Every structure is written in C-alpha cells, then in structure tokens.
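Since the structure comes first, as structure tokens, the remarks are kept for the end.
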Amino acid sequence: MRSATTRCRLLGRCLLPALLLLLTLPVRAQEPAQAGLVVQYSEDRVETRCLQVAAEGTNGVDLLNASGLEVVSDVSSGMGVSVCQIEGQGCAYPAQHCFCQCMGGGDCGYWNYFYREPGAETWTYSPLGAVLRTVSPGSVEAWVWGDGHTPPAEALTFEAICQAPEPVATEVAVATATPAPIGEASPATTAPRATASSTVTLAAPAGVTPAIVAETAASPAGGESATAPARDGTGSVAGYVAFGAMLLLLAAVGVVTWLRRP
C-alpha cells in the first residue's frame with residue numbers, strides 16, 4: 001500500500017504542470033463598452049472623443065451631452081431634439097432660430113448627424129435625428145457643421161478614436177518544488193529538497209496592475225503543500241484566470257482531506 005508521502009509526490013507531479021500552464025495564460029483587463037464621437041466644426045477643426053456606453057446602448061443626443069462639450073438644443077420642435085449649437089458654433093437658440101442659417105435662400109449651415117456602425121467602412125447620414133438613433137458599443141457618431149453633404153473623413157474609425165492600450169510585460173516570480181523520485185527513503189530520514197525559482201512573463205494592459213498569481217513553496221518532509229490564492233490589486237483580472245485558480249485550490253483541499261484519512 002502506498003504511503004501518504006508517495007501519494008503526495010504523485011499528486012505534485014500532476015498538479016504542478018497544470019498550475020504552471022495556468023500561470024502562462026495572458027492576464028487581461030475587462031474593457032468597458034465604448035463608442036467614438038466626432039465633432040467637425042470645419043475642415044481644419046475636428047475633435048474626437050472616446051466615451052463609455054452601456055451594453056444596451058444609448059441615443060445620439062445623450063452621447064453628445066456626455067462628451068462635456070457645451071451643447072445648445074431645441075426640444076420644443078416636433079422633430080424631437082435639434083442640436084443648434086456646439087461649443088459656440090451654430091445658432092444661439094432661443095434668441096435665434098435653431099436653423100437660423102437655413103432660413104434664407106443661400107447656403108444652409110446646420111449641425112448634421114452621421115453615424116458609422118461597428119465595422120462599417122463608410123458614414124451614413126441620419127435623416128431621423130439623433131434621438132431615434134441607438135448608439136451601440138463600437139460605433140462612431142459624428143456631428144458636422146455644414147450642408148449635410150460632407151461626411152467626416154473615412155480614417156476616423158472606432159479603432160483610430162478608441163485606441164486599445166499597449167500591453168506591458170511584467171515578470172512574476174513563481175517558486176516551484178522539485179518532485180522527488182518515487183520510492184525514496186522515508187520522509188523521517190530525508191531532508192527537504194531545495195526549491196527552484198522560475199520566472200513567468202505575463203502581458204497586462206497599460207495602467208493595470210498585474211495579479212500576484214500564486215506562490216507554491218516546497219513541502220517539508222511528510223507535510224502538506226501550501227498554495228497562496230490568486231490576488232489582484234485592482235480587481236481587473238479576467239474571470240477565467242480566477243476560475244482556474246479556484247478549481248486548483250478546491251482540488252488541493254480535496255486531496256489534503258483524502259491524505260488525512262486513516
């Protein structure tokens with residue numbers, strides 16, 4: 001019948017590679033849902049914003065108001081909400097009509113609304129207005145001062161406005177125990193083996209503190225191995241890493257209980 005020490009060594013040979021494989025998985029932060037915003041005052045003045053949106057989306061006017069720009073709107077018309085002025089450019093409603101520069105027979109200038117669905121290569125003019133437009137994550141919404149026939153530049157994509165952070169490589173030291181050959185002398189007369197230190201490189205997004213993943217110390221002769229649970233200083237570690245670490249911890253607890261049986 002195998003002794004408790006032999007069974008522990010066999011278990012270590014099975015669990016240790018699985019733990020090291022888990023530590024090599026990339027650590028990712030959960031990215032919030034975002035949408036791009038373009039405000040084009042003229043050909044030479046264009047501003048962009050990357051704004052957070054709920055998973056179920058929002059409407060175009062609420063996204064514009066969330067940008068922090070000074071917006072003057074007319075909510076009294078039968079067209080829903082009309083944007084009259086952005087950052088001082090446009091018509092000073094209510095002193096002026098919201099479409100004051102379209103009242104004569106000359107050139108018409110107003111804040112026209114374009115949008116770009118996620119993955120779309122071209123802009124679409126919105127004739128229904130921004131209130132009825134559902135802004136989904138990954139889309140780009142644009143307000144252009146002009147006659148409605150000139151969309152923003154094609155290069156203003158979601159990826160260009162909401163650039164993903166560059167990954168930062170972080171070294172995490174992991175102590176690994178050297179498994180002893182099966183069939184060695186009794187642990188009462190065998191000294192504990194020294195631990196070997198290895199380094200695992202984890203990729204984490206910029207501005208995210210990598211998790212202190214796990215540290216496994218060499219077990220004294222005949223003793224139990226202690227595994228520190230995964231910790232995260234920012235709470236941004238992806239769920240699959242934490243779930244895998246939890247499974248390993250539960251497996252270790254079950255094995256320790258099994259080894260303590262008479």
Side-chain angles (χ1 to χ4, degrees), residues 25-42 45-75 79-90 111-145 151-170 202-211 230-243:
L25 294 176
V27 178
R28 297 178 181 177
Q30 296 181 353
E31 298 181 358
Q34 296 174 326
L37 176 68
V38 177
V39 180
Q40 181 169 315
Y41 304 91
S42 64
R45 184 189 174 192
V46 179
E47 295 182 6
T48 62
R49 299 279 194 281
C50 186
L51 304 173
Q52 295 186 13
V53 296
E56 62 273 15
T58 184
N59 64 61
V61 172
D62 288 343
L63 185 73
L64 176 62
N65 291 331
S67 67
L69 299 172
E70 184 179 356
V71 180
V72 177
S73 302
D74 178 9
V75 297
M79 301 175 60
V81 178
S82 300
V83 175
C84 311
Q85 193 178 76
I86 301 177
E87 289 293 301
Q89 181 163 333
W111 283 107
N112 43 96
Y113 182 49
F114 293 85
Y115 63 86
R116 197 169 187 172
E117 296 287 4
E121 298 181 356
T122 59
W123 293 95
T124 300
Y125 178 81
S126 177
L128 300 179
V131 174
L132 300 179
R133 158 76 179 160
T134 299
V135 180
S136 57
S139 66
V140 184
E141 314 299 304
W143 294 88
V144 180
W145 179 258
E154 297 294 336
L156 294 174
T157 62
F158 173 79
E159 291 76 16
I161 298 173
C162 299
Q163 296 181 358
E166 294 293 333
V168 177
T170 304
L202 304 178
V208 178
T209 303
R231 298 174 292 169
D232 188 355
T234 61
S236 60
V237 178
Y240 70 88
V241 177
F243 180 72

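As the structure is a computational prediction, the values presented were derived from the model and not from experiment.
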Check: To the nearest 0.5 Å, what is the distance between OG (S67) and CZ (R49)?
Finding: 6.0 Å

Next item on the list: Compare every heavy atom of Y41 with every heavy atom of W145, then report the nearest pair and how far apart it is.
Entry: CB-O, 3.8 Å

Margin query: Does E121, at its CD atom, have more than 12 non-hydrogen atoms belonging to other residues, nucleotides or ligands within less than 6.0 Å?
Written below: no

Check: Can you tell if the side chain of T48 reaches within under 4.5 Å of the side chain of L156, non-hydrogen atoms only?
Finding: yes

Checklist line | For A66, all residues meeting side chain to side chain contact (heavy atoms under 4.5 Å, CB included), sequence neighbours excluded | finding: none

Checklist line | Set of residues satisfying side chain to side chain donor-acceptor pair (under 3.5 Å) with respect to E117, sequence neighbours excluded | finding: R133

Next item on the list: Locate the shortest heavy-atom distance separating A160 from A155; write the atom from each residue and the value.
Entry: CB-O, 3.6 Å

Check: In Å and rounded to the nearest 0.5 Å, what is the CH2 to CD distance from W111 to Q89?
Finding: 5.0 Å

Next item on the list: Only one of V131, L64, D74, L132 passes side-chain contact (heavy atoms from CB on, under 4.5 Å) with V81; say which it is.
Entry: V131

Check: Which atom pair, heavy atoms only, marks the closest approach of C50 to I161?
Finding: CB-O, 4.1 Å

Margin query: So, using side chain to side chain donor-acceptor pair (under 3.5 Å) as the criterion, who are the partners of N65 when residues are at least two apart?
Written below: none

Check: Could you give the distance from OG (S126) to CG (N112), rounded to the nearest 0.5 Å?
Finding: 10.5 Å

Item checked: Straight-line distance of L63 CG to L51 CG, nearest 0.5 Å -> 5.0 Å

Margin query: Testing the basics here: between N59 and A130, what is the closest heavy-atom pair and its distance to 0.1 Å?
Written below: CB-O, 3.7 Å

Checklist line | Nearest non-hydrogen partners of P152 and Q40, listed with the distance | finding: CA-OE1, 3.6 Å

Next item on the list: Supply the atom-to-atom distance Y115 OH to T134 OG1, rounded to the nearest 0.5 angstrom.
Entry: 10.5 Å

Checklist line | Carboxylate-amine/guanidinium contact E154 R116, below 4.0 Å | finding: yes

Check: Quick check, are the ring centers of Y113 and W143 under 6.0 angstrom apart?
Finding: yes

Next item on the list: Look up atom CD in E141 and atom CH2 in W123, then write down how far apart they are to the nearest 0.5 Å.
Entry: 7.5 Å

Checklist line | side chain to side chain contact (heavy atoms under 4.5 Å, CB included) evaluation trace for E47 with L69 | finding: CA-CA 10 Å; E47 295 182 6; L69 299 172; 3.7 Å; yes

Item checked: Side-chain donor or acceptor of E87 paired with backbone N/O of E70 under 3.5 Å -> yes

Item checked: Non-hydrogen atoms of S73 and C84 that approach each other most closely -> C-SG, 4.1 Å

